[in-house]
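Step one of this worksheet: look at the structure below.
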Amino acid sequence: MNKNIKKAFGKGKAFIPFITCGDPSLEVTERMVYAMEEAGADLIELGIPFSDPTAEGPVIQAANVRALSGGVTTDKIFDMVRRIRQKTSIPMVFMTYANVVYSYGTERFAKAAAEIGMDGLILPDVPFEEKEEFAIPFKEHGLDLISLIAPTSHERIAMIAKEAEGFGISEPKQAEKTAAQSDGVIVGSAIVKLCEKYGADCVPHISTFVKEMKDAIR
């Protein structure tokens, strides 16, 4: 495991918020990162928007559309991360789709992500059995390719769970219950809904939410 990601789990149960970069803007995304860290986030997932996010529900799909409509690109997100890394070393991973990485150039993407200070990557549309194409170049640059697992995986659960890092949660009671049986919890849609509802004014609302979630799993 990447050393910075491992650090996220070194102080008890980890709380991991997900946000879509560029929703409502990259400037607000940057402020959200600082606010969520201050509120208790242990690791942050930064979603790189994609035109066809097939593994997402309608909330995050809509966030992808809003971000892309605002002119967000992978390079602009990389520039934002460079600014963030001047102020904080909080563990961060990208979550995006294989085509985003492939079209950018897998080796080029991995090298750039490492240089700007990212710690790992999640590709929800890459099956566990087919991940080596991406895992190898990322590992060479010190980054983790993190596998997801669904409750419907059945016989594959034991195999994938050996490397699984968490799964989605949406409210404090769920977080508390899940944290009793896991190393950490991830919240995505509930935070993205706050971005949609409050727009450029979402940061304090997200900060409060993150603090409540973190407090629930302490």
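In this structure, the side chains of S207 and M36 stay at 4.5 Å or more apart for every pair of heavy atoms. Side-chain contact between S89 and K7: present, with at least one pair of heavy atoms (C-beta onward) separated by less than 4.5 Å. Between I84 and M80 there is a side-chain heavy-atom pair separated by less than 4.5 Å. A heavy-atom distance below 4.5 Å is not found between the side chains of V187 and P17. F209 is listed as a side-chain neighbour of I191, based on a closest heavy-atom distance under 4.5 Å. Within the 4.5 Å cutoff, side-chain heavy atoms of E45 are placed close to those of I186.
Every residue meeting the side-chain contact (heavy atoms from CB on, under 4.5 Å) condition with E132, not counting sequence neighbours, appears here in chain and number order: A135, I136. Residues passing the side-chain contact (heavy atoms from CB on, under 4.5 Å) test with V65 are S69, sequence neighbours excluded. Listed by chain and residue number, nothing satisfies the ring pair (Phe, Tyr, Trp, His ring centres under 6.0 Å) test with H141 (two or more places apart in sequence, or in another chain). Considering only residues two or more places apart in sequence or on other chains, Y198 meets the ring pair (Phe, Tyr, Trp, His ring centres under 6.0 Å) condition with H205.
E38 CD: 12 or fewer foreign heavy atoms inside a 6.0 Å radius. Other residues, nucleotides and ligands contribute at most 12 non-hydrogen atoms within 6.0 Å of the NZ atom of K193.
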Going by atom type alone, with no hydrogens or angles, which donor-acceptor pairs under 3.5 Å involve a side-chain atom of residues 28-35 and a protein atom two or more places apart or on another chain?
residue: T29; atom: OG1; partner: G22; partner atom: N; Å: 3.0
residue: T29; atom: OG1; partner: S25; partner atom: O; Å: 2.9
residue: E30; atom: OE1; partner: R83; partner atom: NE; Å: 3.0
residue: E30; atom: OE2; partner: Y34; partner atom: OH; Å: 2.8
residue: R31; atom: NE; partner: E27; partner atom: OE2; Å: 2.8

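Note that CG of D52 and CD of Q61 are 8.0 Å apart. Values are rounded to the nearest 0.5 Å. Rounded to the nearest 0.5 Å, atoms CG (N2) and CE (M118) are 10.0 Å apart. Once rounded to the nearest 0.5 Å, the distance linking OG1 of T20 with CD1 of I60 reads 5.5 Å. With values rounded to the nearest 0.5 angstrom, R82 atom CZ is found 7.5 Å from E115 atom CD. Note that CD1 of I146 and NZ of K131 are 9.5 Å apart. Values are rounded to the nearest 0.5 Å. In this structure, CG on D42 lies 7.0 Å from CD1 on I90, to the nearest 0.5 angstrom.
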Practice item. Any chance you could lay out the side-chain contact (heavy atoms from CB on, under 4.5 Å) test for R85 and M92, step after step, and finish with the verdict? Key: CA-CA 10 Å; R85 279 299 183 229; M92 294 193 299; 3.6 Å; yes
Exercise for review: Start with the C-alpha gap between F50 and N99, add the side-chain angles, then the distance that decides, and say whether side-chain contact (heavy atoms from CB on, under 4.5 Å) holds.
Suggested key: CA-CA 9 Å; F50 179 52; N99 192 56; 3.7 Å; yes
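Salt bridge annotation for K139-D144: absent, with no cationic side-chain nitrogen under 4.0 angstrom from a carboxylate oxygen. Using a 4.0 Å cut-off between a side-chain N of Lys or Arg and a carboxylate O of Asp or Glu, D79 and K76 do not qualify as a salt bridge.
Within the structure, every pair that satisfies the ring-ring contact (aromatic ring centres under 6.0 Å, His included) test and touches residues 65-85, not counting sequence neighbours, is listed here: F78-F94, F78-Y104, F78-F109.
For the pair I206 and C195, the tightest heavy-atom approach, listed with the atom from each and the gap, is CD1-SG, 3.6 Å.
Hydrophobic cluster membership is shared by V100 and F138, with clusters built from Ile, Leu, Val, Met, Phe, Trp and Tyr side chains linked at under 4.5 angstrom. Hydrophobic clustering keeps I48 apart from L68 (ILVMFWY residues linked when any side-chain heavy atoms are closer than 4.5 Å, directly or through intermediates).
In summary, of the residues considered (I44, L43, V210), a side chain to side chain contact (heavy atoms under 4.5 Å, CB included) with F15 occurs for V210 alone. Results of the side chain to side chain contact (heavy atoms under 4.5 Å, CB included) test with L46 over T96, V81, I77 single out V81 as the only residue that passes.
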